[in-house]
Protein chains: 2
Amino acid sequence: MTTSLRSTLDFLLHDWLQATSLTARQRFADHSRGTFDAVLDTCERIAREKYAPFNRTVDTEEPQFDGERVILPQCTHDARQAYAESGMLGAAQDYELGGMQLPYVVESAANAFFGVASISIGSNLLTTGNANAILVHGTPAQQQVFAANEFNGRWAGTMCLSEPQAGSSLSDIATRAEPDGADHADDPLGPRYRLRGNKMWISSGEHELTENIVHLVLAKIPGPDGKPVPGTRGISLFIVPKKLVGTDGQLTGERNDVALAGLNHKLGWRGTTNTLLNFGEGKYPVRGGPGAIGYLVGKPGEGLKCMFHMMNEARIAIGMAATMLGLAGYYASLDYAKTRLQGRPILGGSAGGAGAGGKDASAPQVPLIAHADIKRMLLAQKSYCEGALALNLYCARLVDEGRTGEGQAAADARLLLEMLTPIAKSWPSENCLEANSLAIQIHGGYGYTRDFPVEQYWRDNRLNMIHEGTHGIQAADLLGRKVVMQDGAGLKLLAETIAASMQRARRHAQLAPWADQLAVALQDVLAATQSAWSTGDPQEALANAVPYMQAFGHMVLAWIWLDVSASVLERDPDPKDAANAGRMAAARYFFHYELPRIAPWLAVAARRDMTCAQVAPEMF
Amino acid sequence: MTTSLRSTLDFLLHDWLQATSLTARQRFADHSRGTFDAVLDTCERIAREKYAPFNRTVDTEEPQFDGERVILPQCTHDARQAYAESGMLGAAQDYELGGMQLPYVVESAANAFFGVASISIGSNLLTTGNANAILVHGTPAQQQVFAANEFNGRWAGTMCLSEPQAGSSLSDIATRAEPDGADHADDPLGPRYRLRGNKMWISSGEHELTENIVHLVLAKIPGPDGKPVPGTRGISLFIVPKKLVGTDGQLTGERNDVALAGLNHKLGWRGTTNTLLNFGEGKYPVRGGPGAIGYLVGKPGEGLKCMFHMMNEARIAIGMAATMLGLAGYYASLDYAKTRLQGRPILGGSAGGAGAGGKDASAPQVPLIAHADIKRMLLAQKSYCEGALALNLYCARLVDEGRTGEGQAAADARLLLEMLTPIAKSWPSENCLEANSLAIQIHGGYGYTRDFPVEQYWRDNRLNMIHEGTHGIQAADLLGRKVVMQDGAGLKLLAETIAASMQRARRHAQLAPWADQLAVALQDVLAATQSAWSTGDPQEALANAVPYMQAFGHMVLAWIWLDVSASVLERDPDPKDAANAGRMAAARYFFHYELPRIAPWLAVAARRDMTCAQVAPEMF
């Protein structure tokens with residue numbers, strides 16, 4: 001095929017986002033286009049050798065629990081080892097921590113190869129996210145003992161937020177943490193507590209892939225009255241290792257009281273173990289007391305804040321996962337459409353012309369890709385998935401800017417990232433899932449069988465609208481918080497950024513109509529935002545938060561495609577290169593077929609339509 | 001819950017479609033509301049006892065082939081037996097054939113219970129469809145030997161159209177049928193041929209559920225030059241029984257040369273065996289010659305015509321299957337939303353009011369259904385699935401009218417049915433699948449596990465956009481054939497029928513705005529139809545056939561909801577009854593959230609947008 005993942009990444013990273021310019025900054029001074037390329041080469045190779053061949057294996061050989069151990073296929077062990085040895089777990093970290101000081105945007109692009117090869121065989125982003133949270137909020141000892149041993153690949157990490165009775169509603173968690181003895185404050189690994197409770201949906205919660213597992217656990221410390229503080233203010237964060245360790249980072253030989261209570265059997269994403277964990281329920285009594293031993297991270301009551309520090313990156317990572325599954329389906333269906341012979345093209349010509357609308361049955365069959373509707377389904381996929389990839393890399397670039405940019409530019413990047421995060425997570429989750437459905441459709445009956453990979457991509461991708469904050473949670477975050485925060489500063493900054501792209505695009509005559517179309521869409525989004533909040537009643541404003549987010553997302557993607565198009569035309573004004581012509585076609589598809597869809601979504605938000613909110617339960 | 005499937009069916013069948021009025025016709029004279037109710041009661045009971053409890057079983061215990069026999073779970077045998085004993089296989093048939101002379105609309109409604117309980121455990125519609133085709137095109141002996149023994153439950157039937165290299169493109173089938181000896185024309189079971197070839201995607205192609213299996217097979221009889229006639233004109237239809245039978249309907253003891261070549265392993269719909277069959281490849285040599293023995297049905301070269309005779313009913317049945325899966329998910333997620341406690345409602349009040357937008361963390365959690373976004377997802381499901389059910393029953397009612405109505409009314413019903421069939425099949429396949437996705441979303445993480453039924457509904461439903469003519473095939477049928485047939489007579493009739501509904505609706509002040517909205521939508525559809533064909537070039541007209549069909553379908557569903565609403569208000573003007581209020585809410589949802597979506601779909605069709613059609617393969 002003309003466009004490979006690598007060529008698309010190269011275009012977006014370098015031609016569009018100019019990632020190499022980051023090497024002018026001190027943190028990245030040792031890097032160059034050459035070192036970036038080498039990282040991508042390595043990841044592409046490991047993904048091809050250790051991930052892609054086993055994507056179906058991890059789907060069919062689900063994790064099993066024999067009562068003592070979780071059994072995973074050998075390929076999962078091999079993939080984990082190859083990934084850890086590549087150094088990617090700590091790629092963005094300081095040299096002192098054994099990292100490469102790689103820009104986050106390059107790290108994200110490199111990780112894309114693993115996502116497209118097998119999304120569920122690895123769960124490394126959790127380990128990185130866990131270690132990053134400890135790095136920001138933990139004590140030096142916690143950083144050295146726990147984070148460093150996650151980055152170097154010895155141990156893996158988890159995030160333990162949800163509980164069986166508390167999914168989206170984290171304020172309702174019931175896991176308790178009580179001080180462990182009189183000397184609890186003096187432990188060199190941090191204030192020591194005993195935790196008791198159950199944690200649900202814990203990915204990689206139990207396995208034998210690594211020597212140890214570092215659980216980051218949200219729990220409530222009882223107040224003076226012995227009761228947990230209601231709401232999110234009562235939540236604290238703890239490191240709870242599966243096996244206890246000393247300050248030297250060596251296992252003490254003691255198993256902590258963290259027990260697997262059950263494996264979740266999922267629709268997809270089966271390469272990653274998903275667990276219900278019991279903390280401190282007595283299966284592995286430790287050091288003579290009840291409860292699992294945990295070490296406080298950060299201050300009491302600030303657990304959610306600590307955890308959410310990592311949320312932007314986690315949510316971009318989910319958006320990227322959804323995108324890579326979408327691209328995997330796109331590549332598979334493109335390959336199928338080029339090779340599978342089926343049917344004949346409709347004969348053209350005006351009405352009354354001989355044979356118009358008919359088909360020449362004696363002619364040989366043509367490849368599927370000769371049919372207009374197949375092309376429509378391919379172009380839709382390309383438009384969704386390459387657009388989503390661009391958006392996610394753009395956000396990753398903002399992470400770098402926020403960390404290493406100067407003054408106002410860095411502050412703006414952080415604000416813009418806050419603003420875009422719910423879109424970077426939700427939009428690919430919804431639209432790249434639809435792309436996977438189109439990939440099945442192109443395969444016809446074969447796509448519905450497990451002999452082809454597309455049905456698995458579709459199943460795997462269905463998770464992304466659920467985890468790391470459901471679609472509804474993202475929408476409430478967008479309309480309830482992000483567009484109104486700091487008196488609308490984030491939204492204003494986004495509007496200005498979009499305006500700059502429109503200005504850039506208007507230099508090319510053929511982009512002017514798209515810029516005009518986007519300008520109207522932006523105004524419509526801004527107007528709908530105002531109108532939704534015009535009564536100041538959150539029940540009315542947020543009643544249609546999801547349709548609002550769908551419209552907002554489409555407007556953002558149109559902006560991304562406009563900016564990408566400008567970048568194409570600046571290099572290749574009347575695209576001769578097929579890949580560039582393809583990018584323009586995908587952009588055109590988005591402006592012709594997708595952007596016009598925002599009107600009905602915005603309309604219900606703008607008029608605060610209470611059709612749904614006012615239905616009484618007994619009417620369903 | 002307020003609305004059950006039964007109460008919804010009763011409303012649609014009787015209050016809306018006035019099915020009981022059919023009893024005034026001679027064919028249905030023995031029937032009454034009482035007999036209709038009794039059939040529904042029976043089916044509801046069998047579905048509850050023999051289908052619903054085993055829906056997950058047939059998903060996890062997939063059909064196995066031991067080299068000789070296909071092994072299915074016992075529950076599949078029990079469900080088949082209960083269904084056959086109910087008489088539903090021949091419910092609509094003449095008394096002489098052992099049928100009940102039940103109206104098709106009542107048969108369809110009664111079958112709904114099985115669809116919602118377990119769509120894949122039975123494949124009875126194939127047997128009925130097979131027998132119906134023989135009834136219409138077969139000789140009296142074929143009818144008596146084959147069709148009658150399918151209706152009475154002794155034997156099952158299949159439809160063998162596709163081949164590995166010919167899915168949507170039936171003109172490319174390669175199965176050959178050659179006259180079987182000099183006396184081949186004299187066989188009492190019909191002209192006898194020997195068939196050789198492979199048939200793909202054959203549902204229930206091999207099993208031990210019944211004494212025999214009657215395959216209806218499309219094959220080509222070679223012309224004088226020994227070569228098959230190209231195109232669909234060369235296709236003939238054959239009865240090929242798995243085991244040979246005599247004119248007395250008894251097995252002769254000879255196994256015919258039809259061999260299972262493989263089971264397809266599917267994403268869903270796993271209760272129904274799906275097979276690749278070899279005809280006449282020598283595994284079971286029969287009567288000393290090569291090839292499987294088959295009996296010609298109808299005339300040579302008219303095979304596709306014979307097969308397509310049953311297509312309207314088969315496609316309505318697929319639409320109904322998609323609908324019932326959608327409703328199954330709706331009921332499951334409604335139940336979950338009413339019982340699962342999660343989160344707290346947003347506090348209302350105007351901006352600045354104490355606590356506006358906040359949540360009272362000390363209050364107990366509320367059921368999911370208290371949240372506006374959950375209600376939105378429930379109302380969308382209700383609107384899609386109950387609307388689709390209404391459309392499918394309306395089409396079933398047209399089948400009855402076309403068969404038993406008088407003169408022009410019957411002719412109109414047949415024409416309108418032709419017109420609506422691609423929508424009745426495609427619209428539920430797409431939108432009730434989306435409903436299933438919303439049902440998963442309401443369940444959150446639990447919906448992604450196999451501990452809840454909704455993920456299976458979603459997998460099962462993905463088939464419906466593929467089988468019995470893909471989405472693309474339906475769209476080409478709609479825009480390429482149905483709207484232009486007989487100089488647009490079908491489209492004109494539909495427009496008149498919709499206009500009559502609008503007139504009916506305008507008697508109610510609250511429906512006037514919806515009638516206005518629908519009038520505009522109808523005009524937009526008509527204008528887009530004209531515009532798409534204005535250059536007379538099918539390549540341009542059909543380039544956007546699928547978006548056109550999506551818009552057409554939404555317009556049709558809006559019409560259905562408007563007519564249903566008028567029916568509600570005629571009985572309950574300011575709905576006091578919760579179920580009626582719910583129907584009005586679902587209709588309002590459709591007009592507020594769904595109908596406005598048609599504009600961008602129509603726009604690309606109307607302007608003959610060639611964005612997709614013109615992309616060269618190398619640009620992807």
Side-chain angles (χ1 to χ4, degrees), chain A residues 2 167-169 171-172 201 230-231 264-267 334 342-343 346 348 350-351 356-357 361-362 365 369 372-373 375-376 378-379 382 444-445 448-450 455 463 466 472 536-539 542-543 546 578 581-582 585 588-589 592-593 596-597 600 604 609 611-613 615 617-620, chain B residues 2 167-169 171-172 201 230-231 264-267 334 342-343 346 348 350-351 356-357 361-362 365 369 372-373 375-376 378-379 382 444-445 448-450 455 463 466 472 536-539 542-543 546 578 581-582 585 588-589 592-593 596-597 600 604 609 611-613 615 617-620:
Chain A
T2 311
S168 293
S169 179
S171 61
D172 291 294
W201 312 123
N264 289 311
H265 299 286
K266 294 169 292 175
L267 169 58
L334 177 58
Q342 191 76 180
I346 302 162
S350 62
S362 64
Q365 296 205 64
I369 202 169
D373 194 53
K375 290 195 211 188
R376 181 187 62 81
L378 288 170
L379 197 56
K382 183 180 174 75
Y448 197 69
T449 70
R450 306 200 295 277
E455 62 86 25
L463 179 59
I466 298 172
D537 182 344
Q539 288 184 347
L542 300 178
V546 167
R588 188 174 307 113
Y589 174 86
H592 285 207
Y593 289 71
R597 292 172 60 195
V604 292
D609 195 312
T611 297
C612 303
V615 181
E618 64 273 17
M619 293 181 191
F620 285 104
Chain B
T2 312
S168 293
S169 178
S171 61
D172 291 294
W201 310 123
N264 289 312
H265 298 287
K266 293 169 291 175
L267 168 58
L334 177 58
Q342 191 77 179
I346 302 163
S350 61
S362 64
Q365 295 205 64
I369 202 168
D373 194 53
K375 290 195 210 185
R376 182 187 63 82
L378 287 169
L379 196 56
K382 182 180 176 76
Y448 197 70
T449 70
R450 307 201 296 277
E455 62 86 26
L463 179 59
I466 298 172
D537 183 344
Q539 288 185 348
L542 300 178
V546 167
R588 188 174 307 116
Y589 174 86
H592 286 207
Y593 289 72
R597 292 173 59 193
V604 292
D609 194 311
T611 297
C612 303
V615 181
E618 64 273 17
M619 293 182 191
F620 285 105

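Since we're looking at a predicted model, the values are computed, not measured.
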Quiz prompt | From B:Q342 atom CD to A:S169 atom OG, the distance as rounded to the nearest 0.5 Å | solution = 5.0 Å

Quiz item: chain A: which of B:G445, B:P230, B:G231, B:G343 shares the most heavy-atom pairs with it under 4.5 Å?
Solution: B:G445

Quiz item: Does any heavy atom of chain B fall under 4.5 Å from the side chain of A:T611, the backbone, both, or neither of them?
Solution: both

Exercise. Of all the heavy-atom pairs spanning B:A372 and A:A613, show the shortest one and how long it is.
Key: CB-CB, 4.0 Å

Exercise. Mind listing the closest non-hydrogen atom pair of B:D609 and A:Y593 along with its distance?
Key: O-OH, 3.6 Å

Exercise. Could you tell me which non-hydrogen atom of B:K266 sits nearest to which non-hydrogen atom of A:R450, and how far apart they are?
Key: O-NH1, 2.6 Å

Quiz item: Looking at A:L542, A:N264, A:L379, which has the largest count of heavy-atom pairs under 4.5 Å with chain B?
Solution: A:L379

Quiz item: chain B heavy atoms under 4.5 Å from A:K382: which part of the residue, side chain, backbone, both or neither?
Solution: side chain

Exercise. Please report the closest heavy-atom contact between B:V546 and A:R376, naming both atoms and the distance.
Key: CG1-NH2, 3.2 Å

Quiz prompt | Residue among B:R597, B:H265, B:E455, B:R588 with most heavy-atom pairs under 4.5 Å to chain A | solution = B:H265

Practice problem: Go through the atoms of A:L378 and report whether side chain, backbone, both or neither lie under 4.5 Å from a heavy atom of chain B. | Solution: both

Practice problem: List the atom of A:D172, the atom of B:Q365, and the distance in Å for their closest heavy-atom pair. | Solution: OD2-CD, 3.0 Å

Quiz item: Given the options B:L463, B:T449, B:D373, which has more heavy-atom pairs under 4.5 Å with chain A than any of the others?
Solution: B:L463

Self-check item: Over all atoms of both residues, closest heavy-atom pair of A:E618 and B:A578
Solution: O-CB, 3.6 Å

Practice problem: In sequence, state the C-alpha distance, the side-chain angles, and the governing distance for A:Y589 and B:V615, and then conclude on side chain to side chain contact (heavy atoms under 4.5 Å, CB included). | Solution: CA-CA 10 Å; A:Y589 174 86; B:V615 181; over 6 Å; no

